[in-house]
Amino acid sequence: MTTAEPADIRPRIDEALVRRLVDTQFPQWAGLPLRRFEPAGSDHAIYRLGEELSVRLPRHAGAVGQAAKELRWLPRLAPHVPLAVPVPVAVGRPAFGCPWPWAVSRWLDGEVATAASLGDSSRAAAELAQFLTALQCFAPGGIPDGDARDELTCPPLSDRDAETRVAIAELGGMFGGAAMTELWDAALDAPGWDRSPVWFHGDFHTGNLLTVDGRLSAVIDFGGLGIGDPACDLMIAFTLMSPRVRAVFRDALGVDDATWLRGRGWALATGLNAYTCYAAVDPRVAAQTTRQITQALLG
């Protein structure tokens, strides 16, 4: 998951830095206008380069490696899913105070999806279920061993136990400590994924969905792409959908009780993590994660 705790290194990213990086490493794009894109996520700063390109730079160490991962896998994945995904063009080198690799991709038009616009859309729920079904069936063949396979492995939900219980204790008065503890214990005790590993997005929430003219158009930010238990991708049911539409989504995806419960656990854990890390400095994150936590508790 890319909703990692803030790392110690937080480089200062501004237009001057991005301009210098692009102009020196990719002079073919030196004449293109550059402008910051907002709102960006907590993991990357995003700049639009000309009309057809975007530049994404990691904000913290937890987002490092995404550029290379997307360059490796998204060209293979794109033909197999029903929504657009980023098209990587190049990976830049660390330089000028930017400590990590950064990415240039094709620009994807669209607005970030919101619960207000799509939360009660059965059509959107069905389209997201179709996307996840296609993703889970993605079979590129020859998946490598070693480091390349390790980058596709997601730590189990239980690895979040300590930090989640700390967050429950801290935010129990706001969201209901007993209810959160009950859900968290149940999610950890739920039977694990006992089928063959499948592909998952790994950070499947509203901020990583784009819409055009009120319809879903693209899925972005594949830093958490991996192979294993797809329960983490059920987070979208609690960040975007109303209870009625969640039922449509679950039925279309064919999710069993244990996987749904683990998905609620992922939504709770990642929501608490993001809330404790960013809510005090970002009202948008505070509102989004408040909804995520409360909807996860509803089920």
Side-chain angles (χ1 to χ4, degrees), residues 1-3 41 43 65-88 103 105-106 108 110 112-113 118 121-144 148-157 192-212 215-241 245-246 248-256 258-260 262-267 270:
M1 306 299 112
T2 57
T3 48
D43 291 337
Q66 178 167 333
K69 179 186 280 190
E70 291 193 344
L71 185 64
R72 181 182 184 91
W73 293 107
L74 291 189
R76 306 186 197 187
L77 172 64
H80 301 280
V81 291
L83 295 171
V85 300
V87 179
S105 298
R106 295 294 178 193
L108 289 171
V112 174
L118 291 181
S121 171
S122 297
R123 181 182 67 189
E127 289 174 339
L128 289 171
Q130 291 168 3
F131 178 88
L132 290 180
T133 297
L135 176 61
Q136 291 171 17
C137 293
F138 174 50
I143 296 172
R149 180 63 185 251
D150 290 343
E151 77 172 8
L152 299 172
T153 300
C154 176
L157 187 61
W193 184 253
D194 59 359
R195 282 164 271 175
S196 297
V198 296
W199 287 81
F200 54 78
H201 178 278
D203 200 18
F204 206 58
H205 59 75
T206 54
N208 290 331
L209 302 178
L210 300 182
T211 67
V212 172
R215 296 202 59 170
L216 288 166
S217 60
V219 179
I220 61 174
D221 199 346
F222 282 76
L225 181 70
I227 302 172
D229 178 3
C232 56
D233 282 348
L234 299 179
M235 188 185 348
I236 192 62
F238 308 100
T239 60
L240 180 67
M241 302 172 192
V245 170
R246 271 202 296 278
V248 173
F249 172 76
R250 180 179 178 179
D251 182 64
L253 197 55
V255 181
D256 61 85
T259 303
W260 190 256
R262 295 194 307 278
R264 291 176 64 197
W266 277 110
T270 56

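Since the model is a prediction, treat every value here as computed from it, not as a measurement.
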First locate atom [atom1] of [X], then atom [atom2] of [Y], and finally report the distance between them rounded to the nearest 0.5 Å.
X	Y	atom1	atom2	value
Arg246	Ile236	CZ	CD1	11.5 Å
Leu216	Ser121	CG	OG	7.5 Å
Leu157	Arg262	CG	CZ	9.0 Å
Leu225	Lys69	CG	NZ	5.5 Å

Can you name the side-chain hydrogen bond (donor to acceptor under 3.5 Å, both in side chains) partners of Asp256, sequence neighbours left out?
-> Arg195, Thr259
Strictly distance-based, threshold 3.5 Å: is any side-chain N or O of [X] a donor or acceptor partner for the main-chain N or O of [Y]?
X	Y	answer
Ser217	Leu210	yes
Asp203	Asn208	no
Glu70	Phe222	yes
Asp233	His201	yes

Salt bridge (Lys or Arg N to Asp or Glu O under 4.0 Å) partners of residues 123-136, not counting sequence neighbours, each pair once |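 Counting only pairs at least two positions apart or across chains, the salt bridge (Lys or Arg N to Asp or Glu O under 4.0 Å) contacts touching residues 123-136 are Glu127-Arg215.
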Do [X] and [Y] have side chains that approach each other closer than 4.5 Å (heavy atoms only, starting at C-beta)?
X	Y	answer
Thr133	Leu253	yes
Gln130	Leu83	no
Leu128	Met241	yes
Leu234	Arg264	no

Closest non-hydrogen atom pair, [X] against [Y]:
X	Y	value
Phe200	Pro230	CB-CA, 4.2 Å
Val212	Gly110	CG2-CA, 3.8 Å
Ala231	Trp266	C-CD1, 3.8 Å
Leu108	Ala84	CD2-CB, 4.2 Å
Pro88	Ser105	CA-OG, 3.7 Å
Pro86	Leu74	O-CD1, 3.6 Å

Are Phe131 and Trp199 near enough that their ring centres are under 6.0 Å apart?
->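 That pair fails the under 6.0 Å test.
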Report the residue from Phe249, Trp260, Phe204 that forms a ring pair (Phe, Tyr, Trp, His ring centres under 6.0 Å) with Phe238.
->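 The single option meeting the ring pair (Phe, Tyr, Trp, His ring centres under 6.0 Å) with Phe238 is Trp260.
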How far apart are the C-alpha atoms of Leu209 and Val219, what are their side-chain angles, what is the distance that settles it, and do they pass the side chain to side chain contact (heavy atoms under 4.5 Å, CB included) test?
-> CA-CA 5 Å; Leu209 302 178; Val219 179; 3.8 Å; yes
